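Notes for the one structure printed next.
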Amino acid sequence: MAFNFEKDTDWIFTFCKTCWDYKKFVFDKPLDFSKAKKEPAVCTSCKKGQTINLKEAREYYHHLNDNNK
């Protein structure tokens, strides 16, 4: 299943620097990958806050989308 950048979403899976694993992160508001560079989010596993680089996340999901076509 490919990630849809056009759909409003307030969470992504990305690497947690506390858990040292890919975890689900929740944001305060829906993400706008085209405008935002970095956004604060909370890991649903360890409950720690982290600033997520949305440019890197977008590149990661584009790569996954390319492999899932």
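Below, each value reflects all heavy atoms present in this structure, side chains not excepted, and no hydrogens, waters or symmetry copies. Quick caveat, the model's predicted, so the values are computed rather than measured.
- Atom CG of Asp10 sits about 12.0 Å away from atom NZ of Lys29, to the nearest 0.5 Å.
- If you take CG on Leu31 and CD1 on Ile52, they are separated by 9.5 Å, rounding to the nearest 0.5 Å.
- Atom OG of Ser45 is separated from atom OH of Tyr22 by 15.5 Å, given to the nearest 0.5 angstrom.
- In Asp21, the CG atom is crowded: over 12 heavy atoms of neighbouring residues, nucleotides or ligands sit closer than 6.0 Å.
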(request) Could you walk me through whether Lys23 and Phe13 pass the side chain to side chain contact (heavy atoms under 4.5 Å, CB included) test, one step at a time? (result) CA-CA 5 Å; Lys23 300 291 182 178; Phe13 281 95; 5.6 Å; no
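- Nearest heavy atoms, Asn53 versus Lys55: OD1-N, 3.0 Å.
- Follow the hydrophobic side-chain contacts under 4.5 Å out from Phe15 and you reach Phe27 in the same cluster.
- Rounding to the nearest 0.5 Å places OG1 of Thr14 at 14.0 Å from NZ of Lys24.
- Rounding to the nearest 0.5 Å gives a distance of 7.5 Å between OG1 of Thr51 and NZ of Lys17.
- A pairwise comparison of heavy atoms in Gln50 and Thr18 identifies OE1-N, 4.4 Å as the closest pair.
- Closest approach of Leu54 to Glu39, counting heavy atoms only: CD1-CG, 3.5 Å.
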